[in-house]
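Single-structure report; data block below.
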Amino acid sequence: MKNILKYVFICVCAIAIPALLVVNSLQALRYKKLEREVASLEKKQIELVEENKRLITNISLLSSSDRIEKIASTELNMHKAESEEIIRVEMKGKK
């Protein structure tokens with residue numbers, strides 16, 4: 001009986017060790033794949049952050065008051081209103 005248990009134990013170990021090595025290899029492959037995916041996503045994130053910074057800078061430049069005033073005067077033939085051109089309208093609320 002002892003010899004049979006010993007034989008079974010040796011057989012289980014002989015099968016388990018290679019099986020665990022295969023599982024370990026599969027996990028290592030999966031880890032490397034996920035590591036590459038994370039690196040790719042981090043690179044994409046950096047690119048998106050830089051693009052976002054560029055877009056914010058462009059928005060700031062395009063919405064500057066100097067630029068808008070220049071477009072209004074040169075392209076739209078607008079000018080700043082003189083004080084005598086301003087008409088004030090008062091509205092009384094309903095009671």
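Note: hydrogens, waters and symmetry copies are ignored here, and every other heavy atom, side chains too, is used.
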Problem set entry | Point-to-point distance, once rounded to the nearest 0.5 Å, from CG of L29 to CG of N24 | 10.0 Å
Problem set entry | Residues, nucleotides or ligands: over 12 heavy atoms within 6.0 Å of E90 CD | no
Exercise. Do you know which two heavy atoms are closest between C13 and P18, and how far apart they sit?
Worked result: O-CD, 4.3 Å
Anything under 3.5 Å between a donor and an acceptor, one on a side chain of residues 38-54, the other on a protein residue two or more places apart or in another chain? List them.
from : atom 1 : to  : atom 2 : distance (Å)
E51  : OE1    : R54 : NE     : 3.3
E51  : OE1    : R54 : NH2    : 2.5

For this session: Verify the neighbour count for atom CD1 of I4: are there more than 12 heavy atoms of other residues, nucleotides or ligands below 6.0 Å?
Result: no
Distance-only criterion, 3.5 Å: show the donor-acceptor pairs between side-chain atoms of residues 62-70 and protein atoms not counting sequence neighbours.
from : atom 1 : to  : atom 2 : distance (Å)
S63  : OG     : I59 : O      : 2.7
S64  : OG     : L61 : O      : 3.2
S64  : OG     : R67 : N      : 3.3
R67  : NH1    : L62 : O      : 2.9

Exercise. Which value, rounded to the nearest 0.5 Å, describes the distance between I86 atom CD1 and K80 atom NZ?
Worked result: 11.5 Å
